Amino acid sequence: MTESAHGLTTGAVARRLGVAPTTLRSWDRRYGIGPAAREDGRHRRWTPEDVAVLHEMCRLTSSGIPPAEAARAALAGPAPAPPAPPAPPADGEPLPRPARGPGSGNGLPLGAVRQECRGLGRAAVRLDAWAVDDMLASVVAEYGLVAAWEEVMAPTLHAVGRKWETSGDRYVEVEHLLSWHVSSALRRAAGPPPSGARAGVPPVLLACVPGEQHTLALEALAAGLAELGLPTLMFGPAVPPEALDQAVRRTGPAAVVLWSQARSTANPPLARHVADTVWGVRGARARPAVLPAGPGWAGQPLAPGTLRPGGLRDALALLRGLCDTAAAGQS
């Protein structure tokens, strides 16, 4: 959408400010922060003055001021609005190139990111759960699961984590809220376990190594595998070595993904043990491919030929090929 002589539409303003359109409508309804003019008495059209008030509202709420108080201050005297970033492309066009420059007004160390990251970060800092949920659903629907994870969800999560680490335990509530809603969005994207999974395809086993509690990247991978119709067994955080060994022997997976977020949790001996696990009758033995995934494995001594995916897109491509190969070997 483009600006006209009558002002901007709600969708265009939302994209420029990095907030959800539903958040703007809620602010209009609850606090009177709305457009001065409405086309045909119904459609909202926002003038530059209206956008300046909205920008001040975003700035105040992102700094922790409650919305009702922020609305009164913004209506009383908004600060001059900074130049608006370029509007995103029309529906169906590729994602815009990352915006360069300082982090968003919420103070998160976002750096060079998609515009949607800034809106998601602002909503998370406001603890606006409804807006966070709405924006996550929108980016998954518009850009697809892989782009939504790699270019919006993960960068925003990393920024919140860095802010927490450098702020003396502040923003813990922001990280928890954002993580919960990202997890919910990924599970919605995955849907229920596929009842019609590809016949004869062994499962992919997903597990965090012992001591590792971070599961969101594995949840994104599980959702991507579900989109491909590949059977997946998700075992979650900190799987004990004995339990992992039993799971591998009982299920005969095509591949085992071992996630490590930090170098302190990476476990090369465990990866080698899983890779050496065999099952099946004599003469038809099989063993899984092992994919050590996550930043914790960087620089770790791994067996020659170990597959190290570079990201969600790469992991999905590798696992699809491994499942196809395993299925062909069973046929």
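Computed from a prediction, not measured in an experiment: that's the story for all the values here. The first residue of the sequence shown is numbered 1, and numbering continues consecutively from there.
- The hydrophobic cluster containing Leu75 also contains Leu24, counting ILVMFWY residues as joined when their side-chain heavy atoms lie under 4.5 angstrom apart, directly or transitively.
- Taking every heavy atom of both residues into account, Ala190 and Ala226 meet most closely at O-CB, 3.6 Å.
- Within the 3.5 Å criterion, the main-chain N or O of Val139 finds no donor-acceptor partner in the side chain of Glu116.
- Counting only residues at least two apart or in different chains, salt bridge (Lys or Arg N to Asp or Glu O under 4.0 Å) contacts with residues 265-274 are absent.
- With values rounded to the nearest 0.5 angstrom, Gln246 atom CD is found 10.5 Å from Thr251 atom OG1.
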Could you go step by step and tell me if Leu54 and Asp50 meet the side-chain contact (heavy atoms from CB on, under 4.5 Å) rule? CA-CA 6 Å; Leu54 280 178; Asp50 297 330; 5.8 Å; no
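- With sequence neighbours left out, the side chain to side chain donor-acceptor pair (under 3.5 Å) criterion links Thr10 to Trp46.
- Here the side chains of Phe235 and Leu205 are in contact, with some heavy-atom distance below 4.5 Å.
- Qualifying side chain to side chain donor-acceptor pair (under 3.5 Å) partners for Arg263, counting only residues two or more places apart in sequence or in other chains: none.
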Step by step, would you call Asn267 with Ser260 a side-chain contact (heavy atoms from CB on, under 4.5 Å)? CA-CA 8 Å; Asn267 193 326; Ser260 170; over 6 Å; no
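- Across all non-hydrogen atoms, the minimal contact from Pro288 to Val274 is CG-O, 3.5 Å.
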Walk me through it: do Leu230 and Leu316 pass the test side-chain contact (heavy atoms from CB on, under 4.5 Å)? CA-CA 10 Å; Leu230 297 174; Leu316 289 172; over 6 Å; no
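- Taking hydrophobic clusters as Ile, Leu, Val, Met, Phe, Trp and Tyr residues chained together by side-chain heavy-atom distances below 4.5 Å, Val125 shares a cluster with Leu127.
- Between Val182 and Trp149 there is a side-chain heavy-atom pair separated by less than 4.5 Å.
- Note that CG of Leu120 and NE2 of His181 are 10.5 Å apart. Values are rounded to the nearest 0.5 Å.
- You'll find the side chain of Trp27 reaches within 4.5 Å of the side chain of Met57, heavy atoms only.
- Taking 4.5 Å as the limit, some side-chain heavy atom of Leu319 sits within range of a side-chain heavy atom of Val257.
- Within the 4.5 Å cutoff, side-chain heavy atoms of Leu186 are placed close to those of Met153.
- If you take NE2 on His55 and CG on Leu60, they are separated by 10.5 Å, rounding to the nearest 0.5 Å.
- Closest heavy-atom contact between Pro292 and Leu307: CD-O, 3.2 Å.
- Leu258 places a side-chain heavy atom less than 4.5 Å from the side chain of Trp297.
- Using a 4.5 Å heavy-atom cutoff, the side chains of Pro253 and Val204 are not in contact.
- When all heavy atoms of Thr265 and Gly211 are compared, the pair lying nearest together is CG2-O, 3.7 Å.
- Here the side chain of Glu56 pairs no donor or acceptor atom with the backbone of Ala73 at under 3.5 angstrom.
- Contact between Asp314 and Pro309 at its shortest, heavy atoms only, is OD2-CA, 3.3 Å.
- Note: Met135 CE to Thr156 OG1 = 8.5 Å, rounded to the nearest 0.5 Å.
- Residues in residues 129-138 take part in these salt bridge (Lys or Arg N to Asp or Glu O under 4.0 Å) pairs, two or more places apart or across chains: Asp133-Arg188.
- A distance-only check finds no donor-acceptor pair linking the side chain of Thr215 to the backbone of Leu218 [under 3.5 Å].
- Rounding to the nearest 0.5 angstrom, the gap separating the CD atom in Glu175 from the NE2 atom in His158 is 10.0 Å.
- Without hydrogens or angle criteria, Ser183 side chain to Ser179 main chain gives no donor-acceptor distance under 3.5 Å.
- Residue Cys323 holds its SG atom at 10.5 Å from CZ of Arg320, rounded to the nearest 0.5 Å.
- By the side chain to side chain donor-acceptor pair (under 3.5 Å) test, Asp245 is found to be paired with Arg249, His273, residues two or more places apart in sequence or in another chain being considered.
- For Glu212 against Cys208, the heavy-atom pair with the smallest separation is O-CB, 3.5 Å.
- Sorted by first and then second residue, the pairs that involve residues 216-230 and meet salt bridge (Lys or Arg N to Asp or Glu O under 4.0 Å), not counting sequence neighbours, are Arg187-Glu219.
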Taking it one step at a time, do Thr23 and Arg126 satisfy side-chain contact (heavy atoms from CB on, under 4.5 Å)? CA-CA 12 Å; Thr23 297; Arg126 291 196 307 268; 3.9 Å; yes
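- Taking 4.5 Å as the limit, every side-chain heavy atom of Pro35 sits out of range of all side-chain heavy atoms of Arg45.
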